[in-house]
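Below: the structure, in structure tokens.
Here is the naming used below: chain letters follow the sequence lines, and residue numbers restart at 1 for every chain.
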Amino acid sequence: MTKQVRVRFAPSPTGYPHVGNIRTALFNWLFARHSGGKFIVRIEDTDVARKVDDALEAILEGLKWLGLDWDEGPEVGGDYGPYFQSQRLSLYREAAERLIRQGNAYYCYCSSQRLKEMREEQARRKQPPGYDRRCRNLSEAERAQKEAEGITPVVRFKTPLDGSTRFNDLIWGEVVFDHSTIDDLVLLKSDGYPTYHLANVVDDHLMEISHVLRAEEWLSSTPRHLLMYHALGFEPPQFAHLPMILGDDRAKLSKRHGSVSITEYREQGYLPETMLNFLTLLGWSLDDKTEIFSRIELTASFSLERISRTGAIFNQEKLNWMNGAYIRSLSPDDFTRRALPFLEKGLPDKVRRPLSMDYVRKVMPLVQERARTLAEIPELTEFFFTDELDYEPGLLIVKKMDRESSIQALVAVRNRIEHLQTFDTMSLETAVRPLADEMGLKTGQLFGTLRVATTGRMVAPPLFETMAALGKERSMERVSAALSKLRSL
RNA sequence: GGCGCAUUCGUCUAGCGGCCUAGGACACCUCCCUCUCAAGGAGGAGAUCACCGGUUCGAAUCCGGUAUGCGCUACCA
């Protein structure tokens, strides 16, 4: 009988939701959903000094955007609450006191000044840094003396002086640490808040967490946690340390690598399903070929065994490709719906709002397979929405043509389409295409001239679809405008 | 400095002793399709599997060492 899987994502609201943190959340969520367990969100707000005001909101928003729903935590509650560590202070104090009573922890009165000097001295002598345990064996009298001086102590864990701790990490295998390399870490700070180490162990136990999936940077503090579990008589959970996400210089991903916050990716027009898929593949793979996974496939096939151990560089190029692939797979309606907010925001101010939905629905399919992000749609389609096209008249004269032949071409086109009853792709095609031959032009030349006349640019969606979307009136106007530009040359 | 971990094409990865003259994907190049751009199709180039030894009939795969990289080494998480 195996225990129910209960995993948690435990962010600290000291910054915005970094893709690295989100990937950790994602793996926890995937693991929970795969095994029918619970996914819990717990807020580790024990660092009062570094707290950032709207970080919590951004973190929860990021999770929701990706569809990482949690079974217990902020906003939803649960039987193991509260889910904010700042509301669980008495629990940590009790645990710390118990450890002191049992002789597994002690009060330390050393000032931060002294600790700083001690570390500097150790660095100078090239000795391993770490607390020198000055307060570990204080007598009652010495303690009373310090108390009388009004010093508020911290509580430190009494790490065994010898021996070692070994554990089996689900991803890294067996790992061993000598106790001699671990110093007496702080459990309770002088402001009464616990450190990560204490709060983590107490909460993971109380919340009956079965597996701790966290970033690799925690690997070396795991023995400390194990020591605490034993001292407190708690059964430790299973550990799985996840490989890190790196920037393109192989260093830990950070601000200077560009976007790192998940909310920035949303703003840049990446789809949540892209991010979900891409982030999962950073450190996990199913086989030697599958790249695109739906949420369902992901949860169905996810497993800890297939997580790799090496840090993965965040490859923006591949993200772009994948986002394009997801955009192409959207239904035209869905694509339009998602593009709309980006259009509202990104189109020039002079374009009248609100946008005509009928028109937007006509235009969007023309760029769906060309967009790599939603944010580039306004730029791609701007000419559909503006009245006046602003371009260099010279652009109208394409390869091996001159002013005269360009004018002739446009005049011919205008005559051809002027009396068109239906102005759709097919009728335009049958009306205009033959013109090239008749005039002794290559289709590329004719179409190129027309393209610039109707869109103001040399690169645009297919000509006739574009003109059909533009409508007869607007197309005619633009051809005429192009003609006067040419004539005034 | 100490401790721990890792190391397969530029990048993400497959590989868990013979199927590997190492497979896939992104990016790159060529060609096809084609009104431009995309998309799509067909090819190509790109990894002496960090290095050096060892084990074995046989190693990318196992062992040891070296190098390099990363993480931790806070009253931060």
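- For A:Arg306 and B:G15, the shortest distance from a side-chain N or O to OP1 or OP2 is below 4.0 Å.
- The pair A:Arg416-A:Glu438 counts as a salt bridge, with a side-chain nitrogen and a carboxylate oxygen less than 4.0 angstrom apart.
- Here A:Glu305 pairs with nothing under the side-chain hydrogen bond (donor to acceptor under 3.5 Å, both in side chains) rule; sequence neighbours left out.
- In this structure A:Tyr16 satisfies the side-chain hydrogen bond (donor to acceptor under 3.5 Å, both in side chains) test together with A:Asp54, sequence neighbours excluded.
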Between protein and nucleic acid, restricted to nucleotides 31-37 of chain B and to nitrogen or oxygen atoms under 3.5 Å apart, what atom pairs and distances do you find?
residue	atom	partner	partner atom	Å
B:C35	OP1	A:Arg433	NH1	2.8
B:C35	OP1	A:Arg433	NH2	3.2
B:C35	O2	A:Arg451	NH2	2.1
B:C35	N3	A:Leu463	N	3.2
B:U36	O2'	A:Met458	O	3.4
B:U36	O2	A:Ala460	N	2.9
B:U36	O2	A:Ala460	O	3.0
B:U36	N3	A:Ala460	O	2.5
B:U36	O4	A:Pro462	N	3.1
B:C37	O2	A:Arg370	NE	2.5
B:C37	N3	A:Arg370	NE	3.3
B:C37	N3	A:Arg370	NH2	2.9

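- Applying the ring pair (Phe, Tyr, Trp, His ring centres under 6.0 Å) criterion to A:Phe302, with sequence neighbours excluded, gives A:Phe27, A:Trp284.
- Distance check on atom C1': B:C52 versus B:C72 gives 29 Å, rounded to whole Å.
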Sequence-aligned protein contact record of nucleotides 67-77 of chain B, with B where the base is within under 4.0 Å of a protein heavy atom and S where only the sugar-phosphate is: ---SBSBSBBB
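- Within the nucleic acid shown, A:Glu317 comes within 4.0 Å of sugar-phosphate atoms alone, with no base atom in reach, counting heavy atoms only.
- Checked for salt-bridge contact, A:Arg295 and A:Glu273 miss the test: no charged N lies under 4.0 Å from a carboxylate O.
- Among the heavy atoms of the strands lying under 4.0 Å from A:Val176 are primed sugar atoms or P, OP1, OP2 only; no base atom is included.
- Applying the side-chain hydrogen bond (donor to acceptor under 3.5 Å, both in side chains) rule to A:Arg42 yields the partners A:Glu44, A:Asp204; only residues at least two apart in sequence or on another chain are considered.
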